[in-house]
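Okay, so here's the structure we're looking at.
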Amino acid sequence: MPDEPPPPRGTAHSLNPEQRFAVEHMRGPLLVLAGAGSGKTRVLTMRVAHLIKVHGVLPDRILAATFTNKAAGEMRERIRTLLGHDPFGAWIGTFHSIGARILRRHAEQFGRSSRFTILDADDNLREVKRVMKARDVDTKLCGPSTVRRVMSDAKNRLISPSGFRQAHRGRFDLVHRTVIDIYPAYQRSLQRQDAFDFDDLLMKPVELFERDPDTLGLYQRRFEFLLVDEYQDTNRAQFRFLELVAAAHRNLMVVGDDDQSIYGWRGADIRNILDFEKTYPETRVVRLEENYRSTPTILGAANAAIRLNRDRKEKTLRTRRPDGWPIDIREFRTEAGEAGWVAQRVAGLIGSRKVHHYRDIAVLYRTNAQSRVLEDALRDLSIPYHIAGGLRFYERREIKDVLAYLRLLSNPRDDSAFRRAVNYPRRGVGARTLEWLGRQAEEENLGLLEAAVRAGPAGRISASAARGLRRFTALVARYSERACEVGVGVLIRELVGELDLLALLRSDGPEGMDRANNVNELVSGATQFDARDRDGGDEREGLTADHLTELDLFLQQAALFSELDRHDPDADLVTLMTVHNAKGLEFPCVFMTGLEDGLFPLSRSLDDRDSLEEERRLFYVGITRAEHRLSLSWAGSRMRAGRRMVGRCSRFVRAIPARLTRGDSIPDPGRRHSGWGSGGRRRGSSGWPARRGGRAGDTRQRDRAAPVGEEEMNQDLAPLTKGERVLHRTFGSGTVLGVSGYGRDVRVMVDFDSVGQRKLVARIARLERDVS
DNA sequence: GTCCAAACGTGGTCT
DNA sequence: ACGTTTGGAC
């Protein structure tokens with residue numbers, strides 16, 4: 001925006017006293033409590049530059065950990081600019097990539113090779129499923145995703161399989177008994193496959209350091225200065241990692257904001273911030289409370305929202321900027337109406353030059369599923385956009401299919417890759433054959449590929465299956481040799497050509513065209529891939545990496561890269577993304593959508609103070625992404641999970657003081673919202689921007705066209721769940737045994753203390769939660 | 001045994 | 001609206 005003063009940048013004299021203190025801090029632990037938009041990235045990068053330039057610290061003494069590759073890349077780039085050259089040898093990356101890099105060097109200690117595979121979330125779940133099936137665990141009562149979650153929690157708290165067994169020895173509940181059984185089997189299976197999952201990348205290096213002080217010593221001596229961004233989102237494993245590496249020199253700088261802690265569900269532990277000073281009593285604490293990003297109006301809203309949280313360090317962001325536009329609050333009848341308005345508003349802002357570039361605009365939402373309507377609306381008006389995050393590029397089916405072949409070339413023991421590639425394209429190798437192969441592999445302790453190679457003419461499978469296996473293993477053998485001769489780009493191109501994948505994909509519909517394009521993009525990405533770029537820097541002090549091929553490195557970065565990292569900042573596109581993905585970013589103009597109780601905050605958080613507070617922090621993160629313009633919108637009715645849900649204005653929106661807002665409701669031809677109590681805010685008059693009457697008409701038509709089914713559910717009511725205690729007017733209290741049906745037909749089976757089991761229609765029985 | 005189509009269940013945020 | 005599991009045809 002032309003009418004705003006640029007934030008101070010660049011040299012040390014543009015820093016405020018607190019920032020300067022942090023930048024010039026030399027030795028000892030430093031905790032920087034940095035509010036949103038207070039210039040923490042600047043402080044981090046300038047401190048690194050300062051250490052190198054002023055104190056003569058060698059770059060390879062520095063380790064900086066961030067949460068996304070994008071943040072790491074930006075940090076490196078900015079340091080490069082400040083120094084005038086690359087901080088060659090410094091490790092700047094995500095905790096996960098740093099962990100992977102360490103593990104690569106010490107893989108043999110874990111029975112892995114340095115070419116180990118990194119399983120992504122999808123592979124990880126499949127593997128849990130497979131292990132459970134192989135051990136005949138009933139997945140009806142305790143599903144794979146539950147098991148995975150519990151295992152992941154354990155790993156994030158550095159609890160090994162045997163530790164888990166001991167910790168839950170006396171427990172009888174099914175989930176813990178299942179995990180006691182599955183966790184060690186799952187870990188054995190990963191080892192057999194020469195693989196780690198995401199959580200291992202954090203946990204295993206800690207394990208290594210704790211059992212091998214010599215190795216730890218290598219890293220302690222090398223990394224004299226540690227810097228951590230987004231510290232509020234670190235988990236226990238990450239805390240321990242830092243504690244171990246920093247133990248010798250204690251030059252640990254962490255930057256975080258407890259108000260922006262939004263990854264509790266992933267094991268982030270707020271105690272890491274709160275206990276920092278306990279672990280390091282000599283800590284210097286710096287608070288950055290001046291915001292250089294947003295207008296006072298936007299900050300006022302953010303402060304008003306976050307103030308309602310009880311669990312937080314008291315602070316208030318200040319700014320010296322001039323007042324800005326009021327926050328625009330809009331109510332819509334349906335999600336399509338909301339999306340239509342957002343698209344029109346984007347077109348209007350760009351058309352009137354109030355916002356100069358599409359890339360200055362972000363549209364945020366709570367769940368990925370919400371992106372669809374917004375995409376449709378933007379496409380209708382030919383507004384260029386991209387989705388950051390969402391279905392990540394490397395997680396698309398067609399991409400994973402191609403990568404599966406490469407993974408198998410790089411790591412012949414990668415069974416998940418084998419399963420994926422062997423019958424794609426169809427080779428007549430079905431479930432039965434795979435089952436048989438699995439048993440063979442198990443007996444001889446081989447990978448599936450090896451087992452398939454040895455299967456030869458074997459008797460117990462059909463001739464066509466045997467032929468398919470032979471064709472497949474021959475192909476893999478051929479490309480294994482080829483992989484030594486050519487780069488990844490050529491390799492993929494030849495493979496895709498031989499499998500005739502593009503034609504295969506294109507042959508099934510318009511979806512297939514997209515997929516074919518993605519594969520093409522993968523080919524060109526691989527062609528440009530330059531391994532030297534990735535492992536940033538030289539190696540000393542016996543920390544030399546094993547020899548890895550370009551293919552190995554390509555695969556490792558593919559596993560750790562997300563869609564967010566691929567984003568090209570020069571492209572002029574509106575950004576659509578979840579609020580989680582928006583963390584750390586800023587935009588002149590932000591739309592937050594879907595602000596309904598039950599969606600944002602999600603219904604599952606409504607009856608738990610901790611998770612409601614996390615939702616509120618997420619809301620705070622969303623608001624504080626905006627520099628000048630912020631709009632908050634919600635829809636009274638929304639398709640969700642295949643059903644139309646009724647919603648009302650989010651409590652978060654209602655917490656924003658009216659003096660900061662300008663909002664109107666659109667006229668409502670079809671329905672009354674009278675029952676929504678304090679819900680809607682209806683200030684202002686007629687609502688729709690008069691100038692754009694024609695387009696408004698379009699949207700309302702779309703609005704009306706959306707069918708409103710009978711089976712509406714109130715999305716802000718957390719549904720009753722099994723095991724919950726409830727209260728009935730005549731039967732007294734009881735325990736919920738089960739819930740069936742949807743919407744107005746939800747039936748609940750309750751075991752009442754007084755009268756035993758009854759099946760009730762929830763709508764009529766009016767059950768209440770028993771809080772006593 | 002493999003493949004396709006229809007029923008089924010399930011649905012939060014991410015490295 | 002989606003992917004995964006299940007049933008039936010080849």
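Each chain gets a letter, A, B and so on, in the order the sequences are listed, and its residues count up from 1. Small disclaimer: the values here were computed from a predicted structure and weren't measured.
Side chains of A:Thr66 and A:Asp229: no donor on one and acceptor on the other come within 3.5 Å. Under 3.5 Å, the side chains of A:Asp123 and A:Ser416 contain no donor-acceptor pair of N or O atoms.
Taken from CZ in A:Arg135 to CD1 in A:Ile182, the straight-line distance is 5.5 Å, to the nearest 0.5 Å.
The interatomic distance linking A:Gln232 (CD) with B:dC14 (P) rounds to 16 Å, in whole Å. Nucleotide C:dG3 holds its P atom 11 Å from the CD atom of A:Glu398, rounded to whole Å. Remark: C1' of B:dT2 and CG of A:Leu469 are 13 Å apart, rounded to the nearest angstrom. B:dG12 atom C1' lies 12 Å from atom CZ of A:Arg148, rounded to whole Å. Computed from coordinates, the A:Leu364 CG to B:dG12 P distance equals 20 Å when rounded to whole Å. Between the CZ atom of A:Arg617 and the P atom of B:dT13 there is a distance of 18 Å, rounded to whole Å. B:dG12 atom C1' lies 12 Å from atom CZ of A:Arg149, rounded to whole Å. The NZ-C1' distance, from A:Lys129 to C:dT5, rounds to 10 Å in whole Å.
Contact annotation for A:Arg266: base contact, defined as any heavy-atom pair under 4.0 Å involving a base atom. Nucleic acid contact for A:Ala465: sugar-phosphate only, since backbone atoms but no base atoms lie under 4.0 Å from a heavy atom of the residue. Within the nucleic acid shown, A:Asp120 has no heavy atom closer than 4.0 Å to any nucleic acid atom. When heavy atoms are screened at a 4.0 angstrom cut-off, A:Phe95 is found touching no nucleic acid atom at all.
Judged as a side chain to side chain donor-acceptor pair (under 3.5 Å), and not counting sequence neighbours, the contacts of A:Tyr186 are A:Asn124, A:Asp197. Taking the ring pair (Phe, Tyr, Trp, His ring centres under 6.0 Å) definition, one finds that A:Tyr365 meets it with nothing, sequence neighbours left out. A search for side chain to side chain donor-acceptor pair (under 3.5 Å) contacts involving A:Thr367 returns A:Gln370, not counting sequence neighbours. Residues passing the side chain to side chain donor-acceptor pair (under 3.5 Å) test with A:Arg396, sequence neighbours excluded: none. Legend: residues meeting salt bridge (charged side-chain N to carboxylate O under 4.0 Å, His left out) with A:Arg379, ordered by chain and number and at least two apart, are A:Asp376. A:Ile159 meets the side-chain contact (heavy atoms from CB on, under 4.5 Å) test with A:Ala154, A:Arg157, A:Phe164; sequence neighbours excluded. In terms of the ring pair (Phe, Tyr, Trp, His ring centres under 6.0 Å) criterion, residue partners of A:His96 (sequence neighbours excluded) are, by chain and number, A:Phe198.
Proximity of A:Asn368 to the phosphate of B:dC14: a side-chain N or O atom is located under 4.0 Å from OP1 or OP2. Here A:Asn69 does not reach the OP1 or OP2 of B:dT15: none of its side-chain N or O atoms lies under 4.0 Å away. A:Thr433 has a side-chain polar atom (N or O) that falls below the 4.0 Å cut-off from OP1 or OP2 of B:dT2. Between B:dT2 and A:Ser464, no contact under 4.0 Å exists linking OP1 or OP2 to a side-chain N or O. Taking side-chain N and O atoms only, A:Arg372 has a distance below 4.0 Å to OP1 or OP2 of C:dC2. Between A:Asn124 and B:dT15, a side-chain N or O to OP1/OP2 separation shorter than 4.0 Å is absent.
Distances were taken from every side-chain heavy atom of A:His580 (C-beta onward) to each of C:dA1, B:dC14, C:dT4; the shortest belongs to B:dC14. Side-chain atoms of A:Arg366 lie closest to B:dG12 of the nucleotides B:dT15, C:dT4, B:dG12. Listed nucleotides B:dC3, B:dT15, B:dT13 differ in distance to A:Asn423; the shortest reach to its side chain belongs to B:dC3. Side-chain proximity of A:Asn581 to the nucleotides B:dT15, B:dC3, B:dG1 is greatest for B:dT15. Here B:dG12 is the nucleotide among B:dT2, B:dT13, B:dG12 with the atom lying nearest to any side-chain atom of A:Glu615.
Of the charged side-chain nitrogens involved, none lies within less than 4.0 Å of a carboxylate oxygen, so that A:Asp194 and A:Arg115 do not count as a salt-bridged pair.
Heavy-atom distances to DNA chain B give each of A:Leu560 and A:Arg432 a nearest nucleotide, and the one nearer the 5′ end belongs to A:Arg432. Comparing A:Ala121 and A:Gly430 against DNA chain B, the residue whose closest nucleotide sits nearer the 5' end is A:Gly430.
Comparing the P positions of C:dT4 and B:dT13 gives a spacing of 16 Å, expressed to the nearest Å.
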| task | Just do the salt bridge (Lys or Arg N to Asp or Glu O under 4.0 Å) check on A:Lys400 and A:Glu395 with the steps written out, would you? | result | CA-CA 6 Å; A:Lys400 291 201 70 165; A:Glu395 286 174 17; over 6 Å; no
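Taken residue by residue, residues 193-208 of chain A places heavy atoms nearer than 4.0 Å to DNA chain B at A:Phe198.
One cannot find a donor-acceptor pair under 3.5 Å joining the base of B:dG11 and the side-chain atoms of A:Arg640.
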Which atom pairs link the protein and nucleotides 4-9 of chain B when you take only N or O atoms and keep those under 3.5 Å?
| residue | atom | partner | partner atom | Å |
| --- | --- | --- | --- | --- |
| B:dC4 | OP2 | A:Arg426 | NH1 | 3.1 |

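For the pair A:Trp265 and B:dT13, the ring geometry qualifies as stacking, because the centroid separation is below 5.5 Å while the planes lie within an angle under 30°.
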